[in-house]
2 protein chains.
Amino acid sequence: MQFLDLILKKRDAKALTTDEIRFFVNSCVSGETADYQAAAMLMAIWFNGMNDRETSDLTLAMRDSGETVNLSGIDGIIADKHSTGGVADTTTLIAAPLAASCGVKIAKMSGRGLGHTGGTLDKLESIPGFSTAISMERFKQIVNTSGLAVIGQTKELVPADRLLYALRDVTGTVDNKSLIAASIMSKKLAAGSDVIILDVKTGNGSFLHDYQSALDVAELMVKIGKTAGKEVIALITDMNQPLGNAVGNALEVQEAIEILQGRYKGALADVAVELAANMAFKAEITDTIEDARILIAEKLATGRGLDSFASMIKEQGGNPEVVHNTSLLPSSSKIMEIQAEKSGTISHIETALIGKAALLLGAGRTKKEDPVDPAVGLWMKKRLGDQVESGETLIELHINNKKELNQVHQLIRQAVTVSNQQIQPPPLIYTTIT
Amino acid sequence: MQFLDLILKKRDAKALTTDEIRFFVNSCVSGETADYQAAAMLMAIWFNGMNDRETSDLTLAMRDSGETVNLSGIDGIIADKHSTGGVADTTTLIAAPLAASCGVKIAKMSGRGLGHTGGTLDKLESIPGFSTAISMERFKQIVNTSGLAVIGQTKELVPADRLLYALRDVTGTVDNKSLIAASIMSKKLAAGSDVIILDVKTGNGSFLHDYQSALDVAELMVKIGKTAGKEVIALITDMNQPLGNAVGNALEVQEAIEILQGRYKGALADVAVELAANMAFKAEITDTIEDARILIAEKLATGRGLDSFASMIKEQGGNPEVVHNTSLLPSSSKIMEIQAEKSGTISHIETALIGKAALLLGAGRTKKEDPVDPAVGLWMKKRLGDQVESGETLIELHINNKKELNQVHQLIRQAVTVSNQQIQPPPLIYTTIT
């Protein structure tokens, strides 16, 4: 098989066979196919697309390009959740403990934050002592005892995705639904869970800006997962404003804890509860999704989710006291407020800019090697549709380094629009794809 | 300027600016842009095309990517011709001496054969003693004394084309009219002539199979040439059968000499004469193309073209006696005939396969490093539309190595169709674009 022939075939809008797709993936990973040929293929796929069968074949070939996780030894049905990424998207820290408290087993592999979106590993590691660098055996043990554990993704998992994603990033071929779906699902399938709950974000803070793209990718991922024999559900949720109010690692842990304590409701709590309910339902804890919702609400009210979270923190070397006393989390040296310059309604939030502001404060990284400051970030005091008086606080900045402060101010002024326009806040959950 | 932004722009069907195209070419040559990014750009260009201004900009940026030839010191108007390549396409060896004999100055840079098409350098070097490895000074001197000289293309000329062509070749992006036109014209413009006569082939032995593609590329090249201040004409000529009858280096030199001796007419002679007339007319030797045709016919009849050819051979170290005695050329150890298996009309010739048969006999090369055997090749005894009796000779093989003979036989059987169908042979020259 000559790789050039495969490029020509895809360029001329023909479907690649299962064998051809496997050859594409394997020859890229082995180095037999040069990256310039892979780049040309990716651009041809960007233009001509892949049908569902090709996308499924691509996903499975990518899954099989490296090691896959063997979760045998964990008792019970194992569920995973995945978010396509956003700002203040802390659902894992709430949904996973809640589902675990119902008996769902959650063996979660997570990544670090990059660009304007945060990463679960960074958030958890802001808890004093918490370590995600644990062995696979220990990881499974914790899942059995605490119901949940979180580990970093190993290099051996889906090397094809690392390679292809790096190429897509620099060749303008990121935004193709088949390539997005295969990238996400190959990693989820390799991670070994039985149940996969997908949280597909849409809106100006997600990378699938328009609803139709999010729907297409979500439907494709559910189809791929089912073809691979998994229980899969996708929720399409809003990312036209930060989901939670906290943006930044320790701040997001604090907000998750406050929600698990039952101290307040809101968009983040609502989405997390719905995700947890879907995990419980698909893991056969309840017979219906309605029962699952009731069960999760009960666990939240009685603090059982908080207990599961504390248990995991303890097993992974962290200080479990943090769930009762969030002042044990790292905090910034200074808090500054940004006030509204006029009265009106919050009519638009450019979500990605809020993420970028937190990044500039030190909460995120632009390059993989960058360190993050766990303490810094920001706290949204107003949401879309809220009324605000001139001089009222819009956002609280948690600062350790004042270097980028001017730029942060500018970004936030640019991001938040106060106007006389009355707006209907967007729905939280657009639809569920089963 | 970020190269990724340029890829995205072209991917989204927007035109690149002059500066952006220059950055594309220069950053590829300097190595600043990785070849995988260049490959993605080439595929985006393949899909979305380039407008005429972009194509012109690309050509000029490529021309300026390396050295350009300074032909000052040559007295008179300097003309060049270029063929897009075909089988038995020996026009340069006939047209250039004829034009030179009228006073046109021809300072020709030529390439070697690759694949099923031959190269002028290989053909000339089959003349005992002939060398194309001469200094630029000596080259210009010979042009002044003999009216023509041929030199190999230097590595410093248009490095961008070498790089981009190599990438296009392995990424499925060869057949794009802007990329083809820019590749050819950048080299022609760098080679320094005042007049450029383009011979654009169409048909099954050319790489522009259909007429419309040939027309598009020809029109584009004429436009680019004029923008760059050159006198340019393009002829679209047929390549649905070998142009001459001889395929192979010494055999083609022999056929060219026989035509210059006035010994026979035919397709090759007719196309070469028309090219020579266009060179003479555009180099202002005559006032009209009609006068140029009459002048070239006279030079052919009186043997003045042959004299020019002999003069160049002598100056470039070859034995000029060859123009009177072609038996001085290398000859093969054996000649074999392939006969018609039935009577009928030659209704189809798959020209590329004829070229491939000659290649297998040793006349061409598949890799740049391969040696060629100057003596071997084949001689077509029948042309499209000719009647043939069963047992009559179709093709004469000139052989030194019998290893590939079975495959050669098969190729020729596959290439030449004898049927009851009466056909109208295709026209020689479809149109002229001025």
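Just so it is clear: chains get the letters A, B, ... in the order the sequence lines come, proteins before strands, and each one is counted from 1. This is a predicted model, so every value here is computed, not measured.
Taking chain A as the reference chain and counting heavy-atom pairs below 4.5 Å, the highest number among B:Leu8, B:Val170, B:Leu42, B:Ile7 is found for B:Val170.
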Just by distance, which donor-acceptor pairs between chain A and chain B come in under 3.5 Å?
unit_1	atom_1	unit_2	atom_2	d
A:Arg11	NH1	B:Gly172	O	2.6
A:Arg11	NH1	B:Asp175	OD1	2.8
A:Arg11	NH2	B:Asp175	OD2	3.4
A:Gln37	NE2	B:Val170	O	2.6
A:Val170	O	B:Gln37	NE2	2.7
A:Gly172	O	B:Arg11	NH1	2.7
A:Asp175	OD1	B:Arg11	NH1	2.8
A:Asp175	OD2	B:Arg11	NH2	3.4

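Residues that satisfy the ring pair (Phe, Tyr, Trp, His ring centres under 6.0 Å) test with B:Phe47, not counting sequence neighbours, are A:Phe47.
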